[in-house]
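Before any comments, here is the structure.
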Protein chains: 2
Amino acid sequence: MDIQNLIDNTFKKYGLKKTIFRKELFKLFYDSLNSLSAKEISKQFSSSTDKASIYRALDSFEKSGLIHQVPDKNNLLRYSLCKSECKPNNHAHDHAHFLCSVCEETFCLDDFKLPSAKSHNGFLINHLKIIMEGTCVRCKSI
Amino acid sequence: MDIQNLIDNTFKKYGLKKTIFRKELFKLFYDSLNSLSAKEISKQFSSSTDKASIYRALDSFEKSGLIHQVPDKNNLLRYSLCKSECKPNNHAHDHAHFLCSVCEETFCLDDFKLPSAKSHNGFLINHLKIIMEGTCVRCKSI
DNA sequence: TTAGTAACGCAAATGAGTTGCACTTATATA
DNA sequence: TATATAAGTGCAACTCATTTGCGTTACTAA
C-alpha cells in the first residue's frame, strides 16, 4: 500500500481529519529511517505548531496503528512507523529495538527472532520486548 | 551474606554513611518482594523525608551495586535489590523483567535465559534487556 | 452551503526528577 | 573522648516532558 492510500484509508477508518499538519507529520515518519521524539518533530515544523498538537497527533496515530512507541535512552516518548501488519489498538510488533550508545538513535531490528514462550514459572506472557544496547552499524564504521 | 554484613561492607567500601534513613531504605528493599519507585518509598517514610534525599540515596545505591533499575509501566524510575553477583558500577543482571498488567508490579525473572548474540546484522550488542508483559502468578490465580 | 466535530493554538497546570545551599551528623583519627 | 571533614539531609526553587482546559478554526459529510 502506498503512503497516500494508507493515509486515506486509516484516517477515514478512525475519523481522523486529514489536516495539513497531520499529513506532514505522517510523511515525516514515512521518510525517516529511524524514530522520532516530540522535540525532534517540533524542529521540523514552524514555531506556530504547538507541542500539544504534536502530542495529540502522536497519540492518535499510535491508537490507529500507524506508529508505535519505541524505547528511548532518556525515557522520552519516541515513535516509529508501523509495518503494515499492525492493527489499530493492537500493535503486532515482533521485532527487537536497538539503542545506539554513540548516536543515541533507536533502531527497529525487524528480523531479530524473539523468544516465543507463552509462559514462564506460572507467569503468563502476552507481549515480549527486547531492547539491545550497543553500537549501531553506522557508528561502528566511523 | 546477611543484610547487616552487606550494608556494613558495601557502605564502608563506597564511603556511604550508615544514616538512619539509608539503613531503613535498604531494609525496605530487602523486605520487599518486588521493586520500588520513589513515590512508593516516600509513602513508607515520614513526611519530613525529602524526595531529594530519596533520589540521591537511590542513585548512590545503584552506583554501589546494591539495587538496579527495572522497567516501569509509566516510565518512572523503579529499582530492585541486586543479587550478590552484582559489582559496583557493573551490574551483572542477566535476567528478564516481567510487568504484570493487572497489579502493575515489576518482577525479576531470575532464571529466564537471555539470548546470547553479540551482534546482529552489523549491530554490536553490549547489553540486552527482555521485558515481558502479562499476568503474574499471583494475579493469575485470583 | 452548512452543521457538527476533530483538530488547532495558546496558556496554564502537572508531576517526576534535579540542583543549590545552609545545616546536620556519621566517621576517622588525633 | 573531642574534633575536623565530608557525606547526607531538608527545604525551596527549578527544569522539562507531557497533559489539560478552552475558545477558535477548518475538515467532512449530508
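Below, chains carry the letters A, B, ... as their sequence lines are ordered, and counting in each starts from 1.
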What nucleic acid atoms does [X] come within less than 4.0 Å of, heavy atoms only: base, sugar-phosphate, or nothing?
X	answer
Ala52(A)	base
Lys51(A)	base
Ser48(B)	sugar-phosphate
Lys18(B)	sugar-phosphate

Separation of [N] [atom2] from [X] [atom1] (nearest whole Å):
X	N	atom1	atom2	answer
Tyr79(B)	dA16(C)	OH	C1'	12 Å
Arg56(B)	dT19(C)	CZ	C1'	8 Å
Asp72(B)	dG15(C)	CG	P	16 Å
Leu16(A)	dC8(C)	CG	C1'	15 Å
Asp59(B)	dT19(C)	CG	C1'	13 Å
Phe45(A)	dA7(C)	CZ	C1'	14 Å
Asp50(B)	dC21(C)	CG	P	17 Å
Phe11(B)	dA26(C)	CZ	P	13 Å

> In residues 21-28 of chain A, what residues come within less than 4.0 Å of DNA chain D, judged by heavy atoms?
Replying inline: none
> Reckon Tyr55(B) has a side-chain N or O less than 4.0 Å from the OP1 or OP2 of dT18(C)?
Replying inline: no
> Going through the distances and angles, do Glu133(B) and Lys129(A) end up as a side-chain contact (heavy atoms from CB on, under 4.5 Å)?
Replying inline: CA-CA 8 Å; Glu133(B) 284 182 40; Lys129(A) 286 189 278 192; 3.7 Å; yes
> Is the backbone of Ile7(B) close enough, under 3.5 Å, to the side chain of Thr10(B) for a donor and an acceptor to pair up by distance?
Replying inline: no
> Would you say Lys73(A) has more than 12 foreign heavy atoms packed within less than 6.0 Å of its NZ?
Replying inline: yes
> On DNA chain D, which is the earliest and which the latest nucleotide, 5' to 3', with an atom closer than 4.0 Å to a heavy atom of chain A?
Replying inline: dA17(D) to dA29(D)
> Does Ser46(B) have any side chain to side chain donor-acceptor pair (under 3.5 Å) partners at least two apart in sequence or in another chain, and if so, which?
Replying inline: Ser48(B)
>> Among residues at least two apart in sequence or on other chains, which ones pass side chain to side chain donor-acceptor pair (under 3.5 Å) with Asp59(A)?
In response: Lys63(A)
> Rounded to the nearest 0.5 Å, what separation is found between the CG atom of Leu124(A) and the NZ atom of Lys118(A)?
Replying inline: 11.0 Å
> When rounded to the nearest 0.5 angstrom, what is the spacing between CD1 in Ile20(A) and CZ in Phe45(A)?
Replying inline: 11.0 Å
[X]: side chain to side chain contact (heavy atoms under 4.5 Å, CB included) partners, not counting sequence neighbours:
X	value
Asn126(B)	none
Gln44(B)	Leu28(B)
Ile54(B)	Phe21(B), Ala38(B), Ile41(B), Ser42(B), Thr49(B), Leu58(B)
Asp8(B)	Gln4(B), Lys18(B)

For residues 100-108 of chain A, please give each side-chain donor-acceptor pair under 3.5 Å, one per line with the distance, not counting sequence neighbours.
unit_1, atom_1, unit_2, atom_2, d
Ser101(A), OG, Gly134(A), O, 2.9
Glu105(A), OE1, Asn34(A), ND2, 3.0
Thr106(A), OG1, Pro71(A), O, 3.0

> With Tyr79(B), which residues qualify under ring pair (Phe, Tyr, Trp, His ring centres under 6.0 Å), at least two apart?
Replying inline: none
> Bend angle of the helix from dT1(C)-dA30(D) to dA30(C)-dT1(D) from five-pair axes at both ends, rounded to 10°?
Replying inline: 40°
At a cut-off of 3.5 Å, list every protein nitrogen or oxygen paired with a nitrogen or oxygen from nucleotides 22-25 of chain C, distance to 0.1 Å.
unit_1, atom_1, unit_2, atom_2, d
dT25(C), O2, Lys17(B), NZ, 3.0

> Of Leu76(B) and Ile20(B), whose closest DNA chain C nucleotide lies nearer the 5' terminus?
Replying inline: Leu76(B)
>> Can you tell me which residue among Phe29(A), Tyr30(A), Phe11(A) is in a ring-ring contact (aromatic ring centres under 6.0 Å, His included) with Phe61(A)?
In response: Phe11(A)
